[in-house]
Protein chains: 2
Amino acid sequence: MVKRTSFEGDSCPIARSLDALGDWWSLLIIREALFGLRRFGEFQNKLGMAKNILAVRLRALVDHGILATAPASDGSAYQEYVLTAKGRGTFPILVALRQWSEEFDDRPEEIATILVDREKGRPVRKLEMRAEDGRLLSPADTTLKPRPARRRSA
Amino acid sequence: MVKRTSFEGDSCPIARSLDALGDWWSLLIIREALFGLRRFGEFQNKLGMAKNILAVRLRALVDHGILATAPASDGSAYQEYVLTAKGRGTFPILVALRQWSEEFDDRPEEIATILVDREKGRPVRKLEMRAEDGRLLSPADTTLKPRPARRRSA
DNA sequence: CCAATTGGTTTTATGATGCAACCACACAAA
DNA sequence: TTTGTGTGGTTGCATCATAAAACCAATTGG
């Protein structure tokens, strides 16, 4: 088989995430969903993508438990696509992508929006990684350990 | 043209990040590079990917300023691929992807490694988003604002 | 100097993507 | 009830990207 390799069985959590989110459109669909879009046509209009691949992506996101189909909302007989908790949980990923672009993009002047604290209207700080005891960690302060086996793993 | 749409000119910073990182292999190559891999063969062995597409991806990452080619390191005449500051700056993205998988994956028992604080060996906390004044922010506490125009923008 | 390793490129097959056309259904007006 | 319109897709192609394997040049190692 020459299929595009799937990382579904990989043991690396990054690869497993990419299996669900790693194509060109999924994260942008999620971004729009976080912004409040729900309907097929809304996504299609906003993202300007082909309708067939939007349909495929939406189905895949539903299959992955990131979106769920809701029967209605404004009374019409059409259905909507709403984020699940798993879908809303991608928020830090989107923030990390955004901040990387803000910090390293070659043409930052083309970036249209900034993420701000709603209360004060001031930019948010960079994402912080902390130890259990609250110490701020840099990448070099971290390392990988094998996952401790759960007792009586089914 | 029917090319895979590029987000290079998009004004959304997330789309711009995806333009550089959004394919199936780039983030995994970066992950291995953060882990210390440098040589073509090391990447190829570890990731098990086809050599032709590895070559294409490495070139693209170099073009994007994420990797740089260094002439040597162990004295051999071959070249190495090392992360730039821009490349190392992807660390939070990888952490966010990892944590999303740890929190929401359907089969978390298949995840092999956990990210720990090197000093204490304890798992790191979830990435935190804070306001300028240090208040911890949830997604609902944030909003997007148009980027303030730089004076005398060239 | 010979053989194996490294670091790729080329070739070929197939899957994914994108555009356009088509179509079923819901809904509204006549 | 028929007609029309918009929504939410599906179906055909044409093209592009990806993958596996074969091939190849330069670099080592002996």
Side-chain angles (χ1 to χ4, degrees), chain A residues 1-10 15 18-29 32-33 36-64 67-82, chain B residues 1-10 15 18-29 32-33 36-64 67-82:
Chain A
M1 271 193 287
V2 200
K3 298 184 63 163
R4 189 165 68 181
T5 52
S6 161
F7 304 127
E8 198 181 344
D10 200 297
L18 291 176
D19 195 65
L21 308 171
D23 62 88
W24 289 96
W25 291 109
S26 295
L27 279 168
L28 295 179
I29 292 171
E32 298 304 332
L37 300 201
R38 293 160 160 263
R39 296 282 284 261
F40 187 96
E42 289 180 321
F43 289 111
Q44 209 263 319
N45 266 321
K46 192 78 193 315
L47 293 170
M49 62 192 296
K51 298 199 294 178
N52 53 350
I53 90 159
L54 174 58
V56 171
R57 287 288 164 266
L58 288 174
R59 238 193 314 266
L61 289 170
V62 169
D63 288 345
H64 277 290
L67 292 177
T69 53
S73 137
D74 62 339
S76 87
Y78 296 114
Q79 69 177 353
E80 298 182 337
Y81 298 90
V82 296
Chain B
M1 272 193 287
V2 198
K3 298 187 63 162
R4 191 166 66 181
T5 51
S6 161
F7 304 127
E8 199 182 344
D10 200 296
L18 291 176
D19 196 65
L21 309 170
D23 62 87
W24 289 95
W25 290 110
S26 294
L27 279 168
L28 296 178
I29 292 171
E32 297 304 331
L37 299 201
R38 293 160 159 262
R39 296 282 284 261
F40 187 95
E42 289 180 321
F43 290 110
Q44 209 264 318
N45 266 320
K46 193 76 194 318
L47 293 171
M49 62 192 295
K51 297 199 295 179
N52 53 351
I53 90 159
L54 174 58
V56 171
R57 286 289 164 264
L58 287 174
R59 240 194 311 267
L61 289 169
V62 169
D63 288 347
H64 277 291
L67 292 176
T69 53
S73 137
D74 61 342
S76 87
Y78 295 116
Q79 70 177 352
E80 298 182 339
Y81 297 90
V82 296

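Chain A is the first sequence line, chain B the second, and so forth, proteins listed ahead of strands; every chain is numbered from 1. Note that these values count all heavy atoms, side chains included, but never hydrogens, waters or copies made by symmetry.
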To the side chain of A:Q79, which of C:dG18, C:dT17, D:dG9 is closest?
D:dG9

Can you tell me how far P of D:dG9 sits from CD of A:E80, to the nearest Å?
12 Å

Take the protein atom CZ of A:R57 and the nucleotide atom P of D:dT10, then report the distance between them rounded to whole Å.
14 Å

Please find the pair of heavy atoms, one from B:F43 and one from B:L37, that lie closest to each other, and give the distance.
CZ-O, 3.5 Å

Provide, to the nearest angstrom, the distance between the CD1 atom belonging to A:I53 and the C1' atom belonging to D:dC13.
16 Å

In this structure, CG of A:L27 is separated from CG of A:L21 (nearest 0.5 Å) by 5.0 Å

So, is A:W25 near the phosphate of C:dG18, with a side-chain N or O under 4.0 Å from OP1 or OP2?
yes

Expressed as a whole number of angstroms, how long is the span from A:D23:CG to C:dT17:P?
6 Å

Shortest non-hydrogen pair, A:E80 vs A:R39, comes out as CG-CD, 3.7 Å

Closest approach of A:A20 to A:L61 (non-hydrogen atoms, all atoms of both residues):
O-CD2, 4.4 Å

Could you state the interatomic distance from OH (B:Y81) to CG (B:L58), rounded to the nearest 0.5 Å?
5.0 Å

Locate the shortest heavy-atom distance separating B:F7 from A:L28; write the atom from each residue and the value.
CZ-CD1, 3.6 Å

Nearest whole Å is fine: how far is D:dC23 C1' from B:K51 NZ?
9 Å

Look at the side-chain N and O atoms of A:W24 and state whether any lies under 4.0 Å from the OP1 or OP2 oxygen of D:dA17.
no

Here the side-chain hydrogen bond (donor to acceptor under 3.5 Å, both in side chains) pairs for residues 40-62 of chain B, sequence neighbours left out, are B:D23-B:R57, B:E32-B:K46

Of the non-hydrogen atoms in B:W24 and A:L18, which two are nearest, and what is the gap between them?
CZ3-O, 3.6 Å

Neighbours of DNA chain D within residues 39-49 of chain A, by heavy-atom distance under 4.0 Å:
A:R39, A:F40, A:G41

Grab the N/O contacts between the protein and nucleotides 28-30 of chain D below 3.5 Å, and write none if there aren't any.
{"residue": "D:dT28", "atom": "OP1", "partner": "B:A77", "partner atom": "N", "Å": "2.7"}
{"residue": "D:dT28", "atom": "OP2", "partner": "B:A77", "partner atom": "N", "Å": "3.3"}

With respect to the side chain of A:A50, which nucleotide from C:dG8, D:dG8, C:dG18 is positioned closest?
C:dG18

I want to verify a distance call: between D:dT10, D:dT18, C:dT9, whose nearest atom is closest to the A:N52 side chain?
D:dT10

Can you tell me how far apart CG (A:L54) and CD1 (A:I29) are? Round to the nearest 0.5 Å.
5.5 Å

D:dT10, OP1 or OP2 - any side-chain N/O from A:R59 closer than 4.0 Å?
yes

